[in-house]
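None of the values given here were measured: they were computed from a predicted structure. Sequence positions, counted from 1, serve as the residue numbers for this chain.
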Amino acid sequence: MSIHIPLPIPTHPDEASPPSALTEKEQTLYDIVLEHFSAVDYTLPNVNQEKAALIVDERFWLSYECLLRYLRATKWDANEAIKRLEDTLKWRRDFGIYDKITPQHVEPEATTGKEFLFGYDTRGRPALYMCPSKQNTEESPRQIHYTVWMLERAIDLMGPGVETLALMIDYADKAKNPSITTARTVLNILQTHYPERLGLALIAHLPWLLHAFYKLITPFIDPLTRLKMVFNPVITKNGLFRTAADAEAWSANSTSRVFEPEQLVQEGWNGSQPFIYSQAVYWEALVKLCEERRSRMIAAWHRIGGKVGTREWEVKVAVRDDTMNVQVGAENVLVENGQLQS
């Protein structure tokens with residue numbers, strides 16, 4: 001029987017871990033950035049004063065982990081991290097993250113399932129699938145809007161302790177690459193405004209002719225991102241692996257497996273999930289899942305204090321625990337009513 005909706009976010013309460021403690025020097029630099037954005041009278045520079053104050057979504061975005069991602073991306077240069085954070089805050093407004101890029105705006109790009117979120121790797125990273133052969137529109141700003149919208153939804157679906165995603169690109173069925181211009185634009189957005197969000201990029205069924213395309217765009221990919229790219233990963237009955245050596249050496253106690261079969265789609269990736277993209281079912285389910293989760297995270301953030309620098313870990317753990325408590329409560333009701341065996 002086919003499945004047409006996203007898989008639930010894994011809880012893994014025993015496996016998730018909070019951010020590591022900072023060194024004394026790192027803490028000092030972090031405090032500089034936090035103090036800058038936490039100032040009572042803080043406003044975005046070079047912005048119309050009527051709109052210069054941060055909105056709730058922006059203060060929520062400026063989490064403890066977010067500030068650290070930008071600090072690491074700037075090699076712990078506090079002033080540069082502040083500048084890049086402010087550039088991204090302004091970019092998010094101008095690009096339309098909070099208003100223009102809505103589900104209704106990008107839905108025409110989603111009709112064929114050329115991009116979809118489904119499953120999680122062994123580290124709990126949400127998998128964002130891209131299928132270039134299912135391209136259904138001409139190149140336009142909305143295509144890029146759609147990719148960014150999907151990236152934002154992947155971030156919504158990251159559980160406690162997860163800050164990155166797994167990108168899954170399948171070049172089967174005579175898929176074509178986007179233009180160099182579009183590829184560079186998307187790369188610039190990812191590297192500039194989503195630092196340290198890519199955990200792994202798995203590129204399957206890449207024909208040798210398309211290697212030339214990647215050679216052309218490689219100079220525009222930062223060295224750390226290149227290390228995360230895996231071409232033609234190995235897929236066996238045990239799951240997905242980076243290399244044949246990893247697959248051969250795998251055992252139940254090893255950590256070399258990237259995806260379990262139960263978290264992979266069958267089509268193109270030989271997983272055990274009979275997922276088939278159905279716009280009528282999937283789109284509504286994804287939008288609802290992400291909107292409800294984001295609403296719960298914002299509510300948890302407010303309960304915790306609603307401040308710049310709040311830890312994503314605390315917010316996500318609160319949402320996870322609330323979800324698990326609701327599930328346990330529902331099961332107890334069924335037991336009491338004799339509808340579920342205890």
Side-chain angles (χ1 to χ4, degrees), residues 3 5-21 57 60-69 72 115-129 148-168 190 194-202 228 239-240 255 257-265 269 271-273 275 282 285-306 309-331:
I3 181 172
I5 61 176
L7 292 181
I9 300 168
T11 52
H12 300 307
D14 299 326
E15 299 176 20
S17 58
S20 302
D57 282 325
F60 174 77
W61 180 78
L62 286 167
S63 66
Y64 172 80
E65 290 87 343
C66 177
L67 302 188
L68 288 181
R69 284 191 290 271
R72 290 192 297 266
E115 295 182 26
F116 62 89
L117 286 156
F118 187 89
Y120 303 81
D121 73 5
T122 52
R123 296 189 180 184
R125 297 179 289 210
L128 173 55
Y129 288 83
V148 170
W149 186 87
M150 289 296 289
L151 177 56
E152 289 284 327
R153 304 293 71 77
I155 292 171
D156 288 341
L157 299 182
M158 293 176 183
V162 179
E163 298 183 46
T164 58
L165 63 88
L167 185 60
M168 319 280 284
L190 294 177
Y194 293 89
E196 302 205 1
R197 281 303 198 180
L198 178 64
L200 195 63
L202 301 169
K228 298 173 182 178
L240 183 147
T255 59
R257 182 166 61 180
V258 179
F259 273 89
E260 299 174 355
E262 296 77 16
Q263 292 290 332
L264 275 177
V265 301
W269 297 89
S272 64
Q273 287 289 354
F275 175 80
Y282 179 87
L286 176 67
V287 171
K288 180 180 179 181
L289 174 65
C290 292
E291 287 182 348
E292 289 182 352
R293 178 167 173 77
R294 185 168 181 81
S295 177
R296 289 172 181 167
M297 287 194 290
I298 292 286
W301 176 76
H302 278 296
R303 291 198 303 271
I304 293 169
T310 298
R311 293 179 180 238
E312 294 171 17
W313 167 262
E314 295 179 2
V315 170
K316 293 176 181 179
V317 165
V319 172
R320 181 196 68 191
D321 292 349
D322 286 347
T323 302
M324 293 177 71
N325 289 337
V326 169
Q327 291 173 345
V328 170
E331 290 175 359

Legend entry - Nearest-0.5 Å distance, CD1 of residue I9 to CG of residue L289: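 The CD1 atom of I9 sits 5.5 Å away from the CG atom of L289.
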Legend entry - CG on L167 to CG on L202, rounded to 0.5 Å: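 L202 CG to L167 CG: 8.0 Å, rounded to 0.5 Å.
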Legend entry - Nearest atoms (heavy-atom pairs only) where R69 meets P195: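 Here R69 and P195 meet closest at CD-O, 3.6 Å.
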Inset, instruction - Any chance you could lay out the side chain to side chain contact (heavy atoms under 4.5 Å, CB included) test for R123 and L200, step after step, and finish with the verdict? - result: CA-CA 11 Å; R123 296 189 180 184; L200 195 63; over 6 Å; no
Inset, instruction - Would you mind checking if E65 and K316 are paired as a salt bridge, meaning a charged N to carboxylate O distance below 4.0 Å? - result: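 Answer for the salt bridge query: no.
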Legend entry - Nearest-0.5 Å distance, CG of residue D121 to CZ of residue F259: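 So the gap between those two atoms works out to 4.5 Å.
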Inset, instruction - Compare all side-chain heavy atoms of V317 with those of E314 and state whether any distance is below 4.5 angstrom. - result: no
Inset, instruction - Can you see which heavy atom on G239 is nearest to which on R257, and at what distance? - result: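 Minimum heavy-atom contact is CA-CD, 4.1 Å.
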Inset, instruction - Check whether any side-chain N or O of Q263 sits under 3.5 Å from a backbone N or O of Y120 as a donor-acceptor pair, and report yes or no. - result: yes
Inset, instruction - Carefully, step by step, assess L7 and Q273 under the rule side chain to side chain contact (heavy atoms under 4.5 Å, CB included). - result: CA-CA 10 Å; L7 292 181; Q273 287 289 354; 4.1 Å; yes
Inset, instruction - First locate atom CG of L128, then atom CD of E115, and finally report the distance between them rounded to the nearest 0.5 Å. - result: 6.0 Å
Inset, instruction - State, yes or no, whether a side-chain contact exists between L157 and V162 at a heavy-atom distance under 4.5 Å. - result: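 L157 does not reach V162 side chain to side chain.
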Legend entry - R197 side chain to E163 backbone, donor-acceptor under 3.5 Å: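 Yes, because the side chain of R197 sits within donor-acceptor range (under 3.5 Å) of the backbone of E163.
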Legend entry - Lys/Arg N to Asp/Glu carboxylate O, D156 vs R293, below 4.0 Å: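 No.
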Inset, instruction - Go through the steps for E260 and T122 under the test side chain to side chain contact (heavy atoms under 4.5 Å, CB included), then give the verdict. - result: CA-CA 7 Å; E260 299 174 355; T122 52; 4.1 Å; yes
Inset, instruction - Would you mind reporting whether I5 and K288 have side-chain heavy atoms less than 4.5 Å apart? - result: no
Legend entry - Y282 and F118 aromatic centres sub-6.0 Å: no
Legend entry - Heavy-atom closest pair, residues E312 and C66: OE2-N, 3.8 Å
Legend entry - Any L286 side-chain heavy atom under 4.5 Å of P6 side chain: yes
Inset, instruction - Would you check if the side chain of Y194 reaches a backbone N or O of E152 as a donor-acceptor pair within less than 3.5 Å? - result: no
Inset, instruction - Can you label the angle between the Y129 ring and the F116 ring as parallel, tilted or perpendicular, going by 30° and 60°? - result: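 The rings of Y129 and F116 lie parallel, inter-plane angle below 30°.
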Inset, instruction - Under the side chain to side chain contact (heavy atoms under 4.5 Å, CB included) rule, what do R294 and F60 come out as? Steps first, then yes or no, please. - result: CA-CA 11 Å; R294 185 168 181 81; F60 174 77; 3.8 Å; yes
Legend entry - Gap separating the CD atom of E291 from the CZ atom of R153, nearest 0.5 angstrom: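 These two atoms lie 8.0 Å from each other.
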Legend entry - Distance (rounded to the nearest 0.5 Å) between C290 SG and M297 CE: 8.5 Å
Legend entry - T323 (side chain) donor-acceptor with V319 (main chain) under 3.5 angstrom: yes
